[in-house]
Every structure is written in C-alpha cells, then in structure tokens.
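Letters A, B, ... are given to chains in the order of the sequence lines, protein chains preceding strands, and every chain is numbered from 1.
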Amino acid sequence: MSRETLISLVIVLALLAIPLWATAVGETFYITLATRMAILALAAVGLNIALGLGGLVSFGHAAFFGIGGYAAGILASHAFNMEPLPFGLPGTNAMPVIWATAIVASGLVALAIGAISLRTAGVYFIMITLAFAQMIFYFAISWPAYGGEDGLSIFVRNQFPGVNTLDGLTFFFVCFGLLMAGLLLFSLLRDSRFGAALQAARQNERRLATVGIAPYRIRLAAFVISAMVTGVAGALFADLNRFVSPSMLSWHMSGELIVLIILGGVGRLAGPVAGAMLYVAFEYFLGGITERWQLFLGLLLLAVVLFARGGVVGLLAGKARHG
Amino acid sequence: MQTALLIEQILNGLQFGVMLFLMAAGLTLIFGVMGLINLAHGSLYMVGAFACATVAAATGSFWLGLIASLAAAAAAGALIEVTVIRRLYDRDHLDQVLATFALILVFSEGTRWVFGSIPLYLNIPPLLSGAIPLPGGSAYPLYRVAIIGVGIAVAVGLHLLITRTRLGMRIRAGESDREMIGALGVDIRTLYTVVFALGAALAGLAGALVGAIQSVQVGMGEPVLILAFVVIVIGGIGSIHGALVGALLVGLIDTLGRFLLPVALAAFMGPSAAASIGASLASILIYVFMALVLAIRPRGLFAAAG
C-alpha cells in the first residue's frame with residue numbers, strides 16, 4: 001500500500017468516525033457537520049476531475065451544484081403540492097430519481113457551457129465559466145416560479161427506498177456512500193486510458209494531438225462528468241439544508257469549491273475530502289469564536305497559496321508522482 | 001414620450017458602459033502587462049467608494065472625497081502588489097485566482113469590520129445635481145452626463161498615456177517582451193507596481209463615481225467585477241480598445257435589453273408575463289452576447305497578438 005493510499009484511507013475513516021463518535025456521545029449536531037463535509041467533499045471530487053486531472057480551472061462549478069440543488073427542490077415541491085411538471089410528469093421525493101435528474105440536468109448544461117468555454121483556454125476559460133455560472137445565477141434570481149431570490153424550501157427531506165433519511169446518521173451514510181462512489185469513479189477515471197489522455201492534455205497538449213487524440217473531446221467529456229458529480233452533491237446539499245436558493249449558484253460557491261481542492265491537494269484522490277473537512281471545521285470553530293472568520297480564512301488561504309503548495313495531502317504524502 | 005425614454009435609456013447604457021470601462025481598463029492593463037488575473041479588482045473599487053464616502057462625510061466636499069478615492073485605491077493597490085501580487089506573476093492562473101480570491105475575503109471582512117454592515121450614502125455634489133433637458137420635454141441628471149464625460153476623458157487620457165509617453169512606451173514594451181525591457185535596464189518591479197496602482201486608481205474612481213448613485217456597501221465590487229470580466233473577454237484580454245468597445249456594448253445591451261425586452265414581449269403575451277419573462281431574459285442577455293462573440297471569435301473582438 002503506497003503512502004498516499006494509506007493517507008487517503010485515514011482521511012476517509014476520520015470522516016466516518018465523526019458521526020459515529022457524535023452518536024456515541026449524543027452530540028447530534030456534529031452529524032450534520034460531518035454530512036456537510038461529505039457533501040462538499042463530493043462536490044469538490046467532481047471539480048477535481050476537471051481541475052485536478054484535466055487542469056481545467058472551472059470557476060463556474062457552483063452552476064452545477066446549484067442545478068443539482070434546484071433539481072431536488074423543484075421535484076420535491078411538485079411532489080409536495082401534487083402539481084404535475086411540464087409534459088404531465090409527476091414530481092417525486094425519491095432520491096434516486098432526483099439524483100438521476102440532477103445528473104442529466106447538470107450534464108446537459110455542462111455540455112453547452114463546456115462546448116463554448118473549451119474553445120478557449122487559460123484565463124479566458126476561467127472568466128467564461130465564471131460568467132456562465134453568473135448567468136444561471138441571475139436567471140435563478142429573476143425567474144419567479146421557484147422562489148426567485150428567496151429560494152425554495154423542501155418541507156420534508158426526500159426519501160431513499162428502504163431507509164429513513166429523516167434520521168441524521170442514516171442520511172450521513174447515504175451521503176458518505178455517494179462520496180465513496182465519487183472517489184471510486186475518480187480513481188477509475190484517473191487510471192483509465194481516458195484519464196491518461198486527460199492528464200496528457202493538461203501536461204502537453206501538442207504531444208497528445210501528435211499521437212492522434214483530439215484534446216477538445218476528452219476535455220469536454222471530463223468537464224461533463226465533473227459537472228454531473230458536482231450536481232449530485234448539490235441535490236444532497238439541498239436535502240441537507242431542506243432549502244435551495246440562488247446562493248448555491250453564486251460565484252462564492254465556485255470559489256469555495258476550488259478552495260476545498262487547494263486546501264486538500266490538487267489532483268489527489270482524498271484531497272477534496274481533507275479540504276472539505278478542514279474547511280467546515282474551520283468555518284465552525286472559528287465562526288464560533290469570531291464573526292470575522294472569513295478574514296482569517298482569507299489569510300490562511302493566502303499562506304497556503306504562497307507558501308504551502310500541495311495542500312494537506314501534499315504535506316502528508318509528499319509530492320505527487322506525476323506533475 | 002417613447003423617444004425621450006429611449007434616449008434616456010441609451011444615455012443610461014452609455015453611463016453604465018463607461019463605468020465598466022474604468023474597471024475593465026485596469027483589469028485588462030494588468031493582465032496585458034503582467035499576465036495576472038486579479039479578482040481583487042472589485043475590492044479596489046469598493047475601497048475607492050468607501051474612501052470617497054468617508055472623506056466626503058468628514059469634510060463635506062465630494063471633490064476631496066474623489067481625490068481620496070483615487071489615492072486610497074492606488075495606495076491599496078500598491079500595497080497588495082508589493083506584499084502579495086508580486087509573488088504571483090510566475091505562478092499559474094489557478095494560484096492567482098486563489099490568492100486574489102483570498103484577498104477579496106480579507107478586504108470584504110476587513111471593510112465590514114471597520115465600517116459595519118450598514119451601507120454608507122454619498123451625495124451628488126451640488127455643482128452636478130441639476131438636470132439637462134432632453135428633446136421631448138424630459139430631463140436627464142447632469143451627474144450621469146458628467147460620469148460619461150469622465151469616462152471619455154479617461155479613455156482619451158489612457159490612449160495618450162500609452163501611445164505618447166515614456167511610461168506608455170514601457171507598458172507596451174512590457175506587454176510584448178518583459179525580459180527584453182528588463183535587460184535594457186528598465187526597473188520592471190517598479191513598472192509593475194505603477195501599472196497595478198494605475199489600474200487600482202481607475203477602479204477606485206469608478207467606485208467613487210458610482211457610490212453617489214448607488215449605496216456604498218461591502219460586496220458592491222463583485223457584480224461589477226464579473227461584468228468587467230465579460231467586457232474584457234468580449235473585447236479581447238489585454239486590449240484597451242477592446243475594453244472600451246466591449247464596455248460600451250455590454251452597457252448598452254444590458255440597459256436596452258431590460259428596457260426593450262418586456263416591451264417587445266408584451267406584443268405576444270400578457271403584460272405581467274411579459275414583464276417577468278422579459279426581466280429574466282434581459283438578465284442573461286449579455287452572457288448570451290458573450291457566448292455569441294466567443295463562438296465567432298474565441299479570443300475576443302480585439303484579440304492582442306500572441
């Protein structure tokens with residue numbers, strides 16, 4: 001077992017241990033905190049496919065996070081009010097259907113955004129993904145049907161067949177299970193032929209083209225897959241808060257997702273998990289001490305970017321074997 | 001009446017576009033010369049607005065406030081350039097995005113700490129508080145006309161600065177080959193600080209001017225920053241001319257879209273549906289425009305070479 005695998009395992013087990021410990025001592029609030037960590041980690045695992053493996057600095061992944069959230073909110077609100085959706089489809093509160101909807105919706109939007117944005121690279125790509133996410137943000141604010149600026153409440157948490165998701169620990173396990181699936185997908189992708197081509201496109205685009213692989217399609221596929229994973233996380237996030245609002249689509253959210261990855265370690269399997277745990281813990285404990293916690297988060301982030309590149313996983317497991 | 005309203009909206013669009021130009025010019029200059037993407041540009045806009053509001057409240061003079069906004073934004077710009085930004089020039093864009101995102105958090109929370117969360121208000125100076133008559137009997141605020149004037153003056157000034165002065169020559173040289181001008185004995189570190197402070201001062205000026213129309217509050221810079229990104233993506237990153245054209249296009253399209261779309265849709269549907277759908281469509285119009293420009297010219301309208 002390599003050192004990185006070991007550290008990944010420790011990080012994941014640490015996340016699993018938090019709610020178990022919280023249940024044992026009766027501090028149920030920490031279960032919610034751990035669920036939040038797992039969901040944000042899943043969102044960042046999604047972004048890590050594009051950013052870590054493909055080197056695509058998407059500053060617009062909040063769009064997919066929010067679309068997943070709205071998929072959950074809209075389907076649940078139609079089910080709650082017994083109103084059919086367009087084309088006479090019924091609303092639903094079954095999580096698997098909601099996740100599938102979130103995947104399809106965020107995938108389709110990512111296909112459109114990616115098809116245009118990936119024609120460019122570098123700074124253009126960063127700004128354009130940001131701009132498109134902002135477009136969806138303003139659309140959500142100005143579209144009155146689903147709450148507009150006020151957001152949309154989910155009155156009862158959606159259901160997963162066979163289990164009671166109203167129980168905090170059970171819902172954590174649902175989220176944790178999906179996080180594990182996301183990590184599995186990430187590692188399968190990374191080690192596949194597709195993943196090799198994607199990483200080669202990041203390292204040397206011209207060489208990849210020389211061996212007869214067009215980088216554009218590979219990147220577009222990675223961008224879409226990445227968005228789908230983040231979309232599922234968005235649906236879970238909406239269920240955790242029982243609330244969806246345009247703030248899930250805001251550019252702060254996009255920034256936060258990138259921050260999670262940087263804190264944990266870019267392109268590392270467990271990087272997003274470590275980053276999310278650190279971020280949520282930081283937010284909670286420092287937020288308890290001072291209202292100005294974002295000031296200190298900013299300073300910490302500056303220090304990480306300027307002096308501690310590689311994040312938590314980089315610090316613990318050494319440099320990645322491949323640039 | 002309808003023509004007067006249209007003229008008013010066109011002027012509003014121009015004023016908005018000119019404002020965006022002040023932001024976008026600094027961003028595109030900084031990217032063109034230093035290759036840096038600066039998210040904290042919106043914070044400098046906020047710094048300018050807060051400096052102007054504070055000094056204007058203390059002294060009662062908007063003009064002193066305006067000078068303070070330029071000085072404060074330039075000083076804040078120079079400060080972050082020397083302490084943080086300078087270390088980012090040879091890093092990749094991801095590091096630049098993150099570090100400047102961190103700067104936004106620091107600036108926003110720091111400002112909230114000092115000034116609180118309640119918005120400040122800035123009065124339009126008495127000299128400019130009148131209105132000028134428009135054909136058709138309505139009137140247009142003189143202050144907004146003055147903003148358009150300032151924007152045009154800055155555009156001309158920047159053009160002259162870059163084409164006619166020694167500093168401009170160095171900026172152009174820095175854009176095309178930074179190692180070469182270093183080898184020729186130009187102090188690049190100082191040049192970079194000066195360019196950054198210049199861009200910051202323009203952002204601060206924009207913040208102060210807009211502060212008198214809107215409220216001065218934490219977070220005011222961020223929507224403007226993102227629109228400025230749209231502007232320079234449309235215009236071509238690194239091009240000042242592109243920034244001017246892009247800013248005016250975005251300003252006009254956004255303002256006229258909000259005005260005309262609900263009117264146009266009302267021909268097909270009920271007035272309330274037209275108003276809400278029109279507003280939704282208008283809010284995304286400039287992004288659709290950006291997508292169209294990129295589909296045809298991926299590097300923007302006035303793409304700089306290289």
Side-chain angles (χ1 to χ4, degrees), chain A residues 51-52 55-57 59 112-113 115-128 130-145 148 250-252 254-256 258-259 261-263 266 290-307 309, chain B residues 27 31 35-37 39 83-84 87-88 91-113 219 222-223 225-230 232-234 236-238 276-288 290-292 294-295 298-300 303:
Chain A
L51 196 154
L56 306 170
V57 184
F59 207 151
I113 293 180
I116 297 173
S117 314
L118 286 166
R119 287 166 56 87
T120 66
V123 187
Y124 278 90
F125 184 78
I126 298 174
M127 292 185 188
I128 293 163
L130 172 63
F132 278 126
Q134 208 60 17
M135 170 175 109
I136 294 170
F137 172 76
Y138 283 122
F139 189 76
I141 281 188
S142 60
W143 190 255
S250 79
W251 74 296
H252 272 275
S254 296
E256 250 174 59
I258 300 183
V259 168
I261 293 183
I262 301 295
L263 283 180
V266 182
T290 164
E291 270 179 59
R292 311 286 169 223
W293 69 276
Q294 290 212 336
L295 178 70
F296 298 98
L297 175 72
L299 294 173
L300 172 82
L301 203 58
L302 269 182
V304 170
V305 175
L306 293 179
F307 307 112
R309 304 169 74 188
Chain B
L27 270 179
F31 183 81
L36 179 99
I37 170 171
L39 296 182
T83 51
V84 178
R87 298 167 206 274
L88 297 169
R91 298 288 193 83
D92 58 20
H93 295 313
L94 179 59
D95 284 355
Q96 299 176 347
V97 164
L98 265 152
T100 52
F101 182 72
L103 282 176
I104 294 180
L105 296 179
V106 172
F107 268 108
S108 293
E109 281 304 323
T111 310
R112 199 171 284 144
W113 205 335
E222 294 164 10
L225 171 81
I226 293 167
L227 287 178
F229 278 161
V230 173
I232 65 175
V233 163
I234 288 174
I237 304 179
S276 73
I277 295 176
S280 303
L281 288 181
S283 70
I284 65 171
L285 202 58
I286 50 168
Y287 302 100
V288 175
M290 179 188 77
L292 278 178
L294 288 172
R299 300 186 69 84

Which portion of B:V97 sits near chain A, non-hydrogen atoms under 4.5 angstrom: side chain
Answer with side chain, backbone, both or neither: which region of A:V259 has an atom nearer than 4.5 Å to a non-hydrogen atom of chain B? both
Chain A interface, residue from B:G300, B:A279, B:A295 that has the most non-hydrogen pairs under 4.5 Å: B:A295
Let me know if A:I128 has heavy atoms under 4.5 Å from chain B in its side chain, its backbone, both or neither. both
Sort B:L294 into side chain, backbone, both or neither according to what part of it lies under 4.5 angstrom from a heavy atom of chain A. both
Answer yes or no: is there a side-chain heavy-atom contact under 4.5 Å between A:Y138 and B:I226? no
Donor-acceptor contact present, side-chain A:Y124 to main-chain B:R299, <3.5 Å: yes
Report yes if the side chains of A:H252 and B:E222 come closer than 4.5 Å at any heavy-atom pair, otherwise no. yes
Heavy-atom closest contact (B:H93 atom, A:I126 atom, distance): CB-CD1, 3.6 Å
Select one option (side chain, backbone, both, neither) describing which atoms of A:F137 are under 4.5 Å from chain B's heavy atoms. neither
At a heavy-atom distance under 4.5 Å, which candidate from A:G122, A:G148, A:S142 has the highest pair count against chain B? A:S142
Contact class of B:V230 relative to chain A, heavy atoms under 4.5 angstrom: side chain
Short side-chain to backbone donor-acceptor contact, B:D95 and B:L98, under 3.5 Å: no
Quick check on the interface: out of B:V288, B:I232, B:V233, who has the most heavy-atom pairs with chain A under 4.5 Å? B:V233
B:L292 versus chain A, heavy atoms under 4.5 Å apart: side chain, backbone, both or neither? neither
For B:T83, does its backbone N or O pair with a side-chain atom of B:R87 as donor and acceptor, under 3.5 Å? yes
Given heavy-atom pairs under 4.5 angstrom as the criterion, report whether the side chain, backbone, both or neither of B:R91 touches chain A. side chain
Looking at B:Q96 and B:L36, would you say the former's side chain and the latter's main chain have a donor-acceptor pair under 3.5 Å? no
Heavy-atom distance under 4.5 Å between the side chains of B:L225 and B:L27, does that happen here? yes
Engaged part of B:A99 at the chain A interface, taking heavy atoms whose separation is under 4.5 Å: both
Sort A:L299 into side chain, backbone, both or neither according to what part of it lies under 4.5 angstrom from a heavy atom of chain B. both
Side chain, backbone, both or neither of B:I286 within contact of chain A (heavy atoms, under 4.5 Å): neither
Using modelled atom types and a 3.5 Å cut-off, is there a donor and acceptor pairing between side-chain atoms of B:Y287 and backbone atoms of A:I136? no
Measure distances from B:L227 to the heavy atoms of chain A and classify the residue's part below 4.5 Å as side chain, backbone, both or neither. neither
So which part of B:F107 gets closer than 4.5 Å to some heavy atom of chain A, the side chain, the backbone, both or neither? neither
Examine whether an atom of B:L285 lies under 4.5 Å from a heavy atom of chain A, and if so say whether it belongs to the side chain, the backbone or both; otherwise answer neither. neither
Contacting region of A:I113 [heavy-atom separation from chain B under 4.5 Å]: neither
Decide yes or no for A:F132 and A:I116: does some side-chain heavy atom of the first lie under 4.5 Å from some side-chain heavy atom of the second? yes
What orientation do B:W113 and A:F296 show, parallel under 30°, tilted 30 to 60°, or perpendicular over 60°? perpendicular
What is the minimum heavy-atom distance between A:F125 and A:S117, and which atoms define it? CD1-O, 3.4 Å
As an exercise: rank A:L51, A:L306, A:I141, A:L297 by heavy-atom pairs under 4.5 Å with chain B and give me the winner. A:L306
